[in-house]
Asks: 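Dropping the structure in here first, questions after.
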Protein chains: 2
Amino acid sequence: MARSSFSYLFCGESNEAQELHRMAARVVVPAKQTIFSEDERADSVFGLSEGTVRLFKLLPDGRRQIVALALPGEFLEMPMIGRYRHSAAAIGEVELARFPRKQLVAHIRSSPKLLSLLVDFATRQLNLAQVQLVMLGKGSAEERVLFFLNTWRDRMAALEPFQPYLPLPMWREDIADLLGLTIETVSRTLSRLDRKNVIRVVPKGVILTGLEPPSLGSMADSQTT
Amino acid sequence: MARSSFSYLFCGESNEAQELHRMAARVVVPAKQTIFSEDERADSVFGLSEGTVRLFKLLPDGRRQIVALALPGEFLEMPMIGRYRHSAAAIGEVELARFPRKQLVAHIRSSPKLLSLLVDFATRQLNLAQVQLVMLGKGSAEERVLFFLNTWRDRMAALEPFQPYLPLPMWREDIADLLGLTIETVSRTLSRLDRKNVIRVVPKGVILTGLEPPSLGSMADSQTT
DNA sequence: CGGCGTGTTGAAGACTTTCAACGTATGTGG
DNA sequence: CCACATACGTTGAAAGTCTTCAACACGCCG
């Protein structure tokens, strides 16, 4: 099994990973394609092997809020639930592991190890969501953008060694919908940070020149003792 | 064991509830008292038996964001984690079940039933957080207040039969910090909704006169098939 | 009865959004 | 290989919403 497959990333090198892997179908989805939509029956469960996926909710009038950006090793939704609670779409081309839900659920229920991993995963997601709540509730436009860049940098660093060049595979619209801003405000804020020499805005990313750790701690760890 | 104890509310009438109950110490905390603070070592895990608890994060400059309001039957934090990820404070007087964390964790790990319940709980919390993300990111002041009232009404209805009078045990400041607004804006918005005959503002609550279901669906269910 | 914590209302100010125009990049077809 | 079309990004000016600062009202408890 490849080190870059979802099952390995989620479970590590274990029997559980092997078993998950056997159960999964590899699916490649082209950029910008929808993977599933909110309220659909969740007959499949998806794990992300490669690429970035936006998880979002739509309001009746078309407003969109991104609730999370998924990275490799993460489920696109909580697996035990029978209906998708948000929509998912590929940002660039992505590679997914698709599981038949009934089969996956039965397997998870029978494995304390997997249940524990799932609790840890959910805990991590909850932490991420709550930190983002703080940003949306209390942060100015500049704080939100800096928070996003810091968070993104930390999450990327967990996948590959740090580089001053931080790739941003998503569009301005995605950043805006994640931070509860408009694309214009995001653009203006990035420009202002560039003028202040905090970052350098380059195509498809930024170069971090003067970025200190965020004020909310790295919320990536879910130490499980 | 009382029907109103945390263990019963969390597990239902089962052996697991009995065992949890044995492990718990009953603690009563007076109104406004802090229960634990963010970043402290989480040697105890708390479940809520009675009352309302605010879970919040503080920014270095003192700004406060409430990430959730806990109701009876809910853990105040994810139990498997060694350090509190947010602070908790009693709104009115509350009754808690306090568990020694090491013991509780060991017990949970050994019980697939409890692990499953925990996954379901985490899933529900994640859904709540994500719906709130949408509100904070995309909602106007009026939408946020209506969303809060609807959500609160739904959560209360799950505990006791619906009444047109909706008690609001928390202060204006809590509502403001939950919705990412100021107390003045909350107050003005409630007054405006009163003038529009959508609600009637009364001491310690509101009377719902013309409130339709929220636009985001009841996010209380985490159907687990 | 008085005082403090809490809630409401008003007016000025700040920040983000909206609407609009312009710039830049990418990719396809001639 | 260039030209143009389209999608994405940036910038400006006006407008709107929420915040801030301030004053006042209400209610509870000593």
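Here is how names work: the chains are called A, B, and so on, in the same order as the sequence lines, proteins then strands, and each is numbered from 1.
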Asks: With no hydrogens and no angle check, is any side-chain donor or acceptor of A:Ser187 less than 3.5 Å from a backbone partner on A:Ile183?
Replies: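 No, the answer is negative, given that no donor and acceptor are paired below the 3.5 Å cut-off.
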Asks: Can you check whether B:Ser140's main-chain N or O pairs, donor with acceptor, with B:Glu143's side chain at less than 3.5 Å?
Replies: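 Yes; at least one donor-acceptor contact below 3.5 Å.
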Asks: Please identify each residue that fulfils side chain to side chain donor-acceptor pair (under 3.5 Å) with B:Arg64, with sequence neighbours left out.
Replies: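 Applying side chain to side chain donor-acceptor pair (under 3.5 Å) to B:Arg64 gives B:Asp174, B:Asp177.
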Asks: Does B:Arg54 reach the main-chain N or O of B:Ala89 with its side chain, forming a donor-acceptor pair under 3.5 Å?
Replies: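 No; zero donor-acceptor contacts below 3.5 Å.
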Asks: If we ignore hydrogens and angles and just use 3.5 Å, is the side chain of B:Trp152 paired with the main-chain N or O of B:Pro167 as donor and acceptor?
Replies: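 Between the backbone of B:Pro167 and the side chain of B:Trp152 there is a qualifying donor-acceptor contact (under 3.5 Å).
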Asks: Before giving the answer on side-chain contact (heavy atoms from CB on, under 4.5 Å), spell out for A:Arg144 and A:Leu181 the whole-Å C-alpha distance, their side-chain angles and the decisive distance to 0.1 Å.
Replies: CA-CA 9 Å; A:Arg144 296 187 202 194; A:Leu181 301 170; 4.1 Å; yes
Asks: A:Leu193 has an atom CG; how far is it from atom P of D:dG9, in whole Å?
Replies: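 That distance rounds to 17 Å.
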Asks: Round to a whole Å and report the spacing from CG of A:Leu190 to P of C:dT24.
Replies: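 To the nearest whole Å, that distance equals 17 Å.
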Asks: Could you give me the CA-CA distance, side-chain angles and deciding distance for A:Glu142 and A:Lys196, then say whether salt bridge (Lys or Arg N to Asp or Glu O under 4.0 Å) is met?
Replies: CA-CA 12 Å; A:Glu142 185 165 319; A:Lys196 290 205 242 170; 2.7 Å; yes
Asks: Examine distances only and state if a side-chain atom of B:Gln132 and a backbone atom of B:Leu178 form a donor-acceptor pair shorter than 3.5 Å.
Replies: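 Looks like yes, one N/O pair under 3.5 Å.
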Asks: Quick one: label B:Lys204 by what it contacts on the DNA or RNA (base, sugar-phosphate, nothing), any heavy atom closer than 4.0 Å.
Replies: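 Touches nothing.
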Asks: For A:Gln130, is there any backbone N or O sitting under 3.5 Å from a side-chain donor or acceptor partner on B:His86?
Replies: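 Not confirmed, B:His86 side chain does not pair with A:Gln130 backbone.
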Asks: Ignoring hydrogens and angles, state whether a donor on the side chain of B:Arg153 or B:Asn150 is under 3.5 Å from an acceptor on the partner side chain.
Replies: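 Their side chains do contain a donor-acceptor pair, which is all the 3.5 Å distance test asks for.
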Asks: I'd like to know if the side chain of A:Thr209 and the backbone of A:Val198 have a donor-acceptor N/O pair within less than 3.5 Å.
Replies: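 Yes; judged by distance alone, with no hydrogens or angles, the pair exists.
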Asks: Grab the CZ-P distance between A:Arg63 and C:dT16 for me, whole Å please.
Replies: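 My rounded result for the distance is 19 Å.
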Asks: Please round to 10 degrees the angle between the axis of the first five pairs and the axis of the last five pairs in the helix from C:dC1-D:dG30 to C:dG30-D:dC1.
Replies: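 Both end axes considered, the difference amounts to 30°.
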Asks: CE of A:Met170 versus C1' of D:dG9: gap in Å, rounded?
Replies: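 That distance rounds to 15 Å.
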Asks: Can you tell me which nucleotide in C:dT9, D:dT11, D:dG9 comes closest to the side chain of A:Arg172?
Replies: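 Side chain of A:Arg172 sits closest to D:dG9.
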Asks: Under the ring-ring contact (aromatic ring centres under 6.0 Å, His included) rule, collect the residues that match up with B:Phe10, sequence neighbours excluded.
Replies: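 So B:Phe10 forms a ring-ring contact (aromatic ring centres under 6.0 Å, His included) with B:Phe6, B:Phe75, B:Phe121.
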Asks: Between B:Arg188 and B:Trp171, who's closer to the 5' end of DNA chain C by nearest nucleotide?
Replies: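 Going by which nucleotide is closer to the 5' end, it is B:Trp171.
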Asks: Measure CZ/A:Arg200 against C1'/D:dT10 and give the value in whole Å, please.
Replies: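 After rounding, the gap between these two atoms is 16 Å.
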Asks: Please check if the side chain of A:Glu74 supplies one atom and the backbone of A:Leu71 the other of a donor-acceptor pair under 3.5 Å.
Replies: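 Yes, A:Glu74 side chain to A:Leu71 backbone: donor-acceptor pair under 3.5 Å.
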Asks: Using a cut-off of 4.0 Å between protein heavy atoms and nucleotide atoms, how would you tag nucleotides 23-30 of chain D 5' to 3' with B, S and -?
Replies: --------
Asks: Write down the distance between CZ (A:Arg195) and P (D:dT10), rounded to a whole number of angstrom.
Replies: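 Going from A:Arg195 (CZ) to D:dT10 (P), I get 11 Å.
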Asks: Assess whether atom CZ of A:Arg200 is packed by more than 12 heavy atoms of other residues, nucleotides or ligands within 6.0 Å.
Replies: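 Yes, CZ of A:Arg200 has more than 12 neighbouring heavy atoms, counting only those of other groups under 6.0 Å.
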Asks: Where along residues 173-187 of chain A does a heavy atom fall under 4.0 Å from DNA chain D?
Replies: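 Of all residues in residues 173-187 of chain A, the ones placing a heavy atom under 4.0 Å from DNA chain D are A:Glu184, A:Ser187.
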Asks: Return the residues of residues 136-145 of chain A meeting this criterion: a heavy atom under 4.0 Å from some atom of DNA chain C. Order them by number, or give none.
Replies: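 Result for residues 136-145 of chain A: A:Ser140, A:Ala141, sorted by number.
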